[in-house]
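Here the structure is a predicted model, which means the values were calculated and not measured.
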Amino acid sequence: MLYILSFLVAILSAHWIHPRLVRIALDKSIVDNPNARKLQRRPTPVLGGIAVFFGSVIGLGCASITCDCSELFIVVVAMMIMLYTGTMDDILDLSPALRFLIEIGTVLLLIFVGGYTLNDFHGLWGLNQIPQGVAIPLTVFAAVGIINAINLIDGIDGLASGLTGSALLVLGSLFLINGMWIYALLSFATLGVLVPFFYYNVFGQADHGRKIFMGDTGSLTLGYILVFLAIRYASYNPDVAHYSAGAIVIAFSTLIVPMFDVVRVMIVRARSHRSLFKPDRNHIHHKFLDMGMSAHKAMISIVVIASLFSSLNILLVSFVNINIVFAGDIVIWVILSIWFEKAGNK
């Protein structure tokens, strides 16, 4: 009942906040304007991430009445920093360098104050527990990369919320199975927030003042939540949870599509001698649109692909060596990428 309560309170909170955010954003012109690279035809409010933050925190707050959630205090502080950074980026368009510095600092906060690091590879590449001197920079690199991967894949309606919602459902279920209750609460509270956002984002009409984007405010905040949950599930701490075979592959398989997509895009940009940070039309959703799919069909297709990756990895890792599972993920993604390129260029 506690998880259901947290989930429902988050839904109701976000549902109440969203129309008010739309009015504020329109009044203050905090909008995403149309251009040649974007699909929308009208300026659209971009403060949806504020509801993501407050809905999640309110959902957790209700659960904390009967459950000690004090361990998540540092995570909520970090979420606030991401919320502020994303909001300033939506309003003032911060430089990539400044954003990276803030993201790195916030991840270091999670490491040194919260004590969360990628400290065990669980047999991947023959590695198990790794020293802190390696774990800390690895955690920073992985976390900042994933946060930005979520931000970069937010290109069509419902895609970022659909992918993160799928990941939160899987991670929340895994935490429940392993008895890691407060992390399951955070997962389901955040999942609840995404339900009304998905409705306003996908089905809301800009003409009637009902549509909203999460903007950098939401993608940075959601990216940070997912990074924390994935790192927590993958890290080895026998005092909190039993060892889980292949935990690192299982945890990050929920984020395979945004992670692999940003790597592919960066490689394409580097080979073309273009700036790694300059927006283009090379992301997976652009490839699906180039195939002639509608935005909604492209979104559904990509979320299904991500869900299949996650489900297959969870099923296979119990009886197949995780190195083979991970290599299979890479091979399948390369084949899909080649197909995307060929189909999109026809």
To the nearest 0.5 Å, what is the distance between OG (Ser95) and CG (Asp89)?
9.0 Å
Can you label the angle between the Trp181 ring and the Tyr3 ring as parallel, tilted or perpendicular, going by 30° and 60°?
tilted
Over 60° means perpendicular and under 30° means parallel, so classify the ring planes of Phe203 and Phe198, tilted if in between.
perpendicular
Knowing that exactly one of Ile322, Ile130, Val249 qualifies, which makes a side chain to side chain contact (heavy atoms under 4.5 Å, CB included) with Phe121?
Ile130
Just wondering, do Asp261 and Arg264 contact through their side chains at under 4.5 Å, heavy atoms?
yes
Note, Val202 side chain near Lys211 side chain (heavy atom, < 4.5 Å):
no
Looking at CD1 of Ile284 and CG of Leu159, how far apart are the two atoms once the value is rounded to the nearest 0.5 Å?
8.0 Å
In the structure I gave you, are the side-chain heavy atoms of His15 and Tyr200 within less than 4.5 Å of one another anywhere?
yes
Under a 3.5 Å threshold, yes or no: a donor from one side chain and an acceptor from the other, between Thr139 and Thr117?
no
Are Val77 and Phe53 connected in the hydrophobic side-chain network, where two residues link if heavy atoms are under 4.5 Å apart?
yes
When clusters are formed by joining ILVMFWY residues with side-chain heavy atoms under 4.5 Å apart, either directly or through shared neighbours, do Val257 and Ile338 land in the same one?
yes
Output for pair (Leu98 CG, Met88 CE), nearest 0.5 Å, gives 11.5 Å
Describe, in one word, how the ring planes of His283 and His286 are oriented to each other, choosing from parallel (under 30°), tilted (30 to 60°) and perpendicular (over 60°).
tilted
Describe, in one word, how the ring planes of Phe288 and Trp339 are oriented to each other, choosing from parallel (under 30°), tilted (30 to 60°) and perpendicular (over 60°).
perpendicular
Rounded to the nearest 0.5 Å, how far apart are CD1 of Ile136 and CG of Leu118?
11.5 Å
What's the separation between atom CG in Leu191 and atom OG in Ser6, rounded to the nearest 0.5 Å?
10.0 Å
Sub-4.5 Å side-chain heavy-atom contact between Asp216 and Asn151:
yes
Can Ile81 be reached from Ile146 by stepping across I, L, V, M, F, W or Y side chains whose heavy atoms are under 4.5 Å apart?
yes
On the 0 to 90° scale, with breaks at 30° and 60°, tag the Phe228-Tyr183 ring pair as parallel, tilted or perpendicular.
tilted
Kindly assign one of parallel, tilted or perpendicular to the pair Trp125 and Phe326, based on the angle between their ring planes and the thresholds 30° and 60°.
perpendicular
What is the distance from atom CG of Asn201 to atom CE of Met299, rounded to the nearest 0.5 Å?
8.5 Å
Shared ILVMFWY cluster between Val265 and Met259, side chains joined below 4.5 angstrom?
no
